Amino acid sequence: MTATLANGILETATTPFPDQRPGTSGLRRKTRAFMQPRYLENFVQAVFDVAAADAPLARETLVLGGDGRYFNVPAIQTIIRMAIANGFGRILVARDGLLSTPAMSAVIRTRMALGGLMLSASHNPGGIDADFGVKFNVRNGGPAPEEVTERIYRRTLEIDRFRSVRLADLDLGRESDHQVGATRVSVFDPLADYVALLERLFDFGALRALFRGGFRMCFDAMHAVTGPCAVHILEERLGAAAGTVVRAQPLPDFGGGHPDPNLVHAHALVERMNAADAPDFGAACDGDGDRNLILGRGCFVSPGDSLALIVEHARRIPAYRDGLAGVARSMPTSTALDRVAASLGIACYETPTGWKYFGDLLDAGLCSICGEESFGTGSDHLREKDGLWAVLCWLSIIAATGMTPARALDAHWRAFGRSYYQRHDFEDLDAAAAAEAVDALRQRLPALAAARFAGEAVVLADDFAYRSPVTGATSEHGGIRIVLADGSRMVFRLSGTGTAGATLRVYLERYRRDGAAGDPEPHLAPLLEAAHALLQLRERFGRERATVIT
Ligand code: VG1
Ligand code: CO
């Protein structure tokens, strides 16, 4: 039932959906779930209600965009109508509705917006039968912290109406300005703020010289949101050869692919980098542009090593020339970073999984660069991970040192030793059974403190709990970790970004001072066997092997 209020605002009665608790990164559901009447509206109204409780919206700006997946534009049109009805002073809508997560973070910060709504399910596939999502970022440009997402969730459980206005769909195809009642709606080009920011961080002249010298690269945009921006920066600004960016056009179904830049889903790029005439450097980004994959000729740089290496060489990049305040990584991420931080004499913070936990460390100036094992790296230039930033970091390191990625890795391992690292994902498990497996392991933690695995004694067995050194906010159940005497680790946690069933992530790490190039698998085999036994993966789920190994 919809009523028209005296001011022309439409108020529609609704009832709560019980399943709107945001996960690791926003609310993700099947596209069809989001397309059912009132589902998107309920969640967005809950976000606006929570935001309005903190600040009157009339003087506030909302940034709006998405990664271009199926249902992106209709959802944006709905949200524009709702944001007007909720009294925002200004709405900035990305042209064509296309906005990467890092660009959104940049725009929120430069335009001093209250926050932004980003329509994306990141690396999950797109389409009517695939996935959709909504992320809410706050004033600092970062994902809403847990305290805010919990308030939003509680609001979704009591919501009884949402507000909208009668308004024809806006033409998102060109930049424009509209005054609708008290709200100014602007369709803007997000490239400008974001590229200007990157230009301040990096030495574009040095990168241009690299390409002028014949350096060849292949960037796989995976038919996702970074394509146009990557063409602009790499080909138009830095002079990389035309065709450097492949699959550059954003498509609603990402060309049928899975826009997840890892060895499995970016296999075409991996094959190209393994071919005889491979370019010097390969990279890819995910659906919403915040993840990165880094490849050399026949060489994969694992995300934990990439993070450690960027930190090791950060002083070669203008923005970090004066050194880093500190660094941070999510708990499951490899400890390669810790060793570089120790050598630089700076702090290394360990946070729960998800970018939202880095925000207060970055705001407080405690941390300059941070990252996750899930192909995410970023810095204090934003409050999100940033795929193209990571690519430019690598190009800068290559330009400054003359080393190939393989040589840079070798030098790093010689100096610091190597954390052999893999993540094994067991997807499409029965959700209840997966929760039970993790609970059962949690129960056994006290007993495991005295156990041995792979010939090593357990030195720590716990369920990771975190307390922010800045705000004191706490977060529990960050994952079960078992640390062995030689620094090896096994970490177990359930994914918080899936849309069906459950995904169990098993993270394996084994540190060797004399570690060198080569496949990590044989080094991790004893840990993998122990992990199988601990979780009874064969007995409980009939699984012999992970669905995806990265
Ligand atoms: C995964 C990753 C996590 C990342 C999150 C969002 O979460 O493990 O490191 O921050 O995705 O990434 P989970 O709960 O499924 O393990 V993205 O590119 O969505 O914004
Ligand atoms: Co992403």
Side-chain angles (χ1 to χ4, degrees), residues 21-29 65-69 99-105 116 118-126 131-137 142-144 146 149 221-222 224-226 254 258-262 265-266 284-293 303-304 307 328-334 350-359 370-378 382-390 423-429 431 434 438 464 475 477-480 491-507 547-548 550:
R21 175 180 251 151
T24 312
S25 177
L27 179 68
R28 283 187 203 177
R29 292 288 175 261
D67 64 10
R69 68 182 58 227
L99 186 62
S100 74
T101 289
M104 175 178 67
S105 190
M118 172 77 196
L119 308 181
S120 171
S122 188
H123 52 289
N124 297 16
D131 295 343
F132 194 78
V134 181
K135 304 196 270 193
F136 176 52
N137 281 35
E146 204 172 304
T149 57
M222 306 192 90
V225 78
T226 41
F254 307 114
H258 206 121
D260 194 352
N262 60 34
H265 296 298
C285 286
D286 71 333
D288 60 331
D290 55 0
R291 297 187 177 204
N292 70 90
L293 167 69
L307 172 63
R329 62 165 172 83
S330 65
M331 183 274 282
T333 302
S334 125
E350 186 176 42
T351 58
T353 296
W355 214 261
K356 57 187 169 212
Y357 298 102
F358 294 133
C370 44
E372 295 190 276
E373 51 64 42
S374 53
F375 298 81
T377 341
L382 293 178
R383 297 295 178 269
E384 284 281 5
K385 53 189 185 272
D386 186 346
L388 280 168
W389 171 88
R423 186 178 97 184
H424 291 238
D425 290 338
F426 296 83
E427 297 177 347
D428 296 315
L429 303 180
V438 174
F464 182 66
S475 177
H477 302 305
I480 290 177
V491 174
F492 307 91
R493 59 179 285 281
L494 293 174
S495 158
T497 56
T499 58
T503 293
L504 177 69
R505 305 204 194 283
V506 176
Y507 310 79
T547 329
V548 178
T550 51

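From a predicted model like this one, the values you see are computed outputs, not experimental measurements. The first residue in the sequence is number 1, and the count goes up from there. Each ligand, and each atom within it, is numbered from 1 in the order the structure gives.
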For Arg28, state whether at least one heavy atom is located under 4.0 Å from any atom of ligand 1. yes
Residue pair Tyr507, Arg493: steps toward the side chain to side chain contact (heavy atoms under 4.5 Å, CB included) verdict: CA-CA 9 Å; Tyr507 310 79; Arg493 59 179 285 281; 2.9 Å; yes
Let me confirm one number: the CG-CZ distance from Asn124 to Arg29, rounded to the nearest 0.5 Å. 11.5 Å
At what distance is the nearest protein heavy atom to atom 14 (O) of ligand 1, and which residue and atom is it? Thr24 OG1, 2.4 Å
Determine whether the side chains of Glu146 and Ser475 contain a donor N or O and an acceptor N or O closer than 3.5 Å. yes
Against heavy atoms of Arg493, which atoms of ligand 1 measure under 4.0 Å? 13 (P), 14 (O), 16 (O)
Subset of ligand 1 atoms that lie under 4.0 Å from at least one heavy atom of Asp286: 18 (O)
Part of Asp290 with heavy atoms under 4.0 Å of ligand 1, whether side chain, backbone, both or neither: side chain
Nearest protein heavy atom with distance in Å, relative to atom 7 (O) of ligand 1: Thr497 CG2, 3.4 Å
Closer than 4.0 angstrom: is that true for some heavy atom of Gly376 and an atom of ligand 1? no
Do Thr377 and Asn292 have side-chain atoms, one donor and one acceptor, less than 3.5 Å apart? yes
Kindly give the atom name of the N, O or S atom of Asp286 closest to the Co ion (ligand 2). OD2
Value rounded to 0.5 Å, distance of CD in Glu427 from CG in Leu504: 11.0 Å
Close-contact set for ligand 1 against Thr353 heavy atoms, below 4.0 Å: 3 (C), 8 (O), 9 (O)
Shortest-distance N, O or S atom of Asp290 relative to the Co ion (ligand 2): OD1
Spacing of CG belonging to Asp260 relative to CZ belonging to Phe254, to within rounding of 0.5 Å: 11.0 Å
If the contact criterion is a heavy-atom separation under 4.0 Å, does Arg423 count as touching ligand 1? yes
Please say whether Gly496 places an N or O atom under 3.5 Å from an N or O atom belonging to ligand 1. yes
Distance in Å, Asn262 CG paired with Arg423 CZ, rounded so as to fall on 0.5 Å steps: 8.0 Å
So the atoms of ligand 1 within less than 4.0 Å of a heavy atom of Ser122 turn out to be 17 (V), 18 (O), 19 (O), 20 (O)
Heavy-atom distances under 4.0 Å decide this one: backbone, side chain, both or neither, for Ser495 against ligand 1? both
Among the N/O/S atoms of Asp288, select the one at the shortest distance from the Co ion (ligand 2) and name it. OD1
What atoms of ligand 1 come closer than 4.0 angstrom to any heavy atom of Arg505? 8 (O), 13 (P), 15 (O), 16 (O)
Looking at Glu372, Lys135, Arg291, the heavy atom closest to atom 11 (O) of ligand 1 belongs to Arg291
Provide the number and element of each atom of ligand 1 under 4.0 Å from a heavy atom of Ser25. 6 (C), 19 (O), 20 (O)
How close does the nearest protein non-hydrogen atom get to atom 9 (O) of ligand 1, and which residue and atom is it? Ser374 OG, 2.6 Å
Could you establish whether Glu384 and ligand 1 come within less than 4.0 Å of each other, counting only heavy atoms on the residue side? no
Over 60° means perpendicular and under 30° means parallel, so tell me whether His424 and Phe426 are parallel, tilted or perpendicular. parallel
Is the closest side-chain donor-acceptor distance between Thr503 and Asp425 under 3.5 Å? no
Could Glu372 and Arg329 be called an ion pair, given the rule that one side-chain N must be under 4.0 Å from one carboxylate O? no
Among Asp286, Asp67, Asp131, Thr497, exactly one meets side chain to side chain donor-acceptor pair (under 3.5 Å) together with Ser122. Which residue is that? Asp286
Between the side chains of Thr499 and Arg28, is a donor N or O closer than 3.5 angstrom to an acceptor N or O? no
Would you check if the Co ion (ligand 2) lies under 2.8 Å from any N, O or S atom of Ser122? yes
For Thr550 and Phe375, run side chain to side chain contact (heavy atoms under 4.5 Å, CB included): C-alpha distance rounded to whole Å, both residues' side-chain angles, the deciding distance at 0.1 Å, then the answer. CA-CA 10 Å; Thr550 51; Phe375 298 81; 4.0 Å; yes
